[in-house]
Amino acid sequence: MPELPEVETTRRGLAPHLIDRRVTAAVLRRPDLRWPIAPEIAHELPGQRLTAVTRRAKYLLVEAQTGSALLHLGMSGSLRVLPAATPAGLHDHVDLALDSGRVLRFNDPRRFGCLLWQPVGTVHPLLADLGPEPLGPDFDGDHLWRRSRGRSAPVKAFLMDQSIVVGVGNIYAAEALFRAGIHPRRAAGRVSRARYAALADAVRTILAHAIARGGTTLRDFIAPDGAPGYFEQELFVYGRAGERCKVCGTALRAGDFGQRATVWCPHCQR
Ligand SMILES: [Zn+2]
């Protein structure tokens, strides 16, 4: 599943090809993805000039004059910019044709992605209740500390709650908690302010690193499955159940809680 770093890398790859281009046509090869494709994509967007490509959580916003195409890549979606004559494949569901002679093509074999519309001056309901961006100015240890008081949920589930902070998926939560030395099952309300400062730093460091990696590995604007921003050998705990901790040599433990599998070091994480 594309995670925040892959979505951000996709945004950076797409932006130079879309900004200041006019959409000449929208080709919908099916009426729906996860949800029906917004009618504005076909009826309102063509003819408009694209002004920006932004990201909120794992949503991409291709901004035009009267609104934004709101995209989510779901489990298996990808976006590419291709010459207009490139034949469409089986899962190439949508093309936005551009006045550059290219198309922005949305491929999504499993169709958990979406293509919606956000009129200018409004916030789409999917974006309305999201927490701050982990790389933005509103996210820090104090934010986590304030929001966690009185909460008995495991800190890992708390960190993955999109109303607390967006875009910290399973892999990044597990790695950040290891880096901060916090046991993933510890009650969120019982983590100190100082340890939340370390956790917020770890989240930012790990995501920024993955985005930097993505910037060097992404090909053809395809956001692949998994976590391509990260090399397997850089992971300390994720996917390493039963192996030795790289720091202390203790056997890593694994468990399911908060409905997600997680791995931790019983010595390094308290
Ligand atoms: Zn350890």
Side-chain angles (χ1 to χ4, degrees), residues 1-9 58 131-135 139-162 164-217 224-270:
M1 182 191 308
E3 294 287 349
L4 185 143
E6 293 79 64
V7 178
E8 175 61 19
T9 304
K58 287 170 34 174
E133 290 288 326
L135 297 171
F139 175 72
D140 60 13
D142 277 0
H143 168 76
L144 291 176
W145 182 78
R146 280 194 308 272
R147 293 295 302 270
S148 62
R149 295 306 87 187
R151 291 199 184 218
S152 57
V155 61
K156 179 157 176 275
F158 171 74
L159 188 60
M160 293 177 65
D161 180 339
Q162 301 297 296
I164 301 300
V165 56
V166 298
V168 184
N170 202 26
I171 176 172
Y172 301 109
E175 293 295 314
L177 286 163
F178 176 83
R179 192 180 279 243
I182 299 170
H183 195 294
R185 194 154 45 196
R186 174 175 284 273
R190 301 202 53 195
V191 175
S192 72
R193 200 167 193 156
R195 299 182 84 200
Y196 270 127
L199 182 60
D201 282 349
V203 166
R204 270 197 297 270
T205 300
I206 288 168
L207 290 175
H209 176 77
I211 290 167
R213 275 273 191 261
T216 61
T217 59
D225 289 342
Y230 246 75
F231 290 131
E232 227 173 280
Q233 59 267 32
E234 293 178 315
L235 299 173
F236 281 93
V237 288
Y238 183 84
R240 299 190 67 238
E243 295 181 42
R244 297 271 161 199
C245 174
K246 291 177 180 179
V247 172
C248 73
T250 304
L252 298 178
R253 302 273 301 273
D256 281 329
F257 50 88
Q259 291 146 0
R260 299 300 292 265
T262 199
V263 181
W264 69 93
C265 174
H267 180 260
C268 294
Q269 293 176 261
R270 301 297 173 101

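Both counts, for ligands and for their atoms, begin at 1 and track the order of listing.
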Inset, instruction - Could you check if a side-chain atom of Glu175 sits within less than 4.5 angstrom of a side-chain atom of Leu235, using non-hydrogen atoms only? - result: yes

Inset, instruction - Look at the rings of Phe178 and Phe236 and say which category their plane angle falls in: under 30° parallel, 30 to 60° tilted, over 60° perpendicular. - result: parallel

Inset, instruction - Check whether any side-chain heavy atom of Ile211 lies under 4.5 Å from a side-chain heavy atom of Leu4, and answer yes or no. - result: yes

Legend entry - Heavy atoms from other residues, nucleotides or ligands near CZ of Arg204 exceed 12 (cutoff 6.0 Å): yes

Legend entry - For the Zn ion (ligand 1), every protein N/O/S atom that sits closer than 2.8 Å, waters excluded: Cys245 SG, Cys248 SG, Cys265 SG, Cys268 SG

Legend entry - For the student: nearest non-hydrogen atoms of Pro266 and Arg270, plus distance: O-NE, 3.4 Å

Inset, instruction - State, with a plain yes or no, whether a side-chain heavy atom of Arg213 is found less than 4.5 Å away from one of Thr9. - result: no

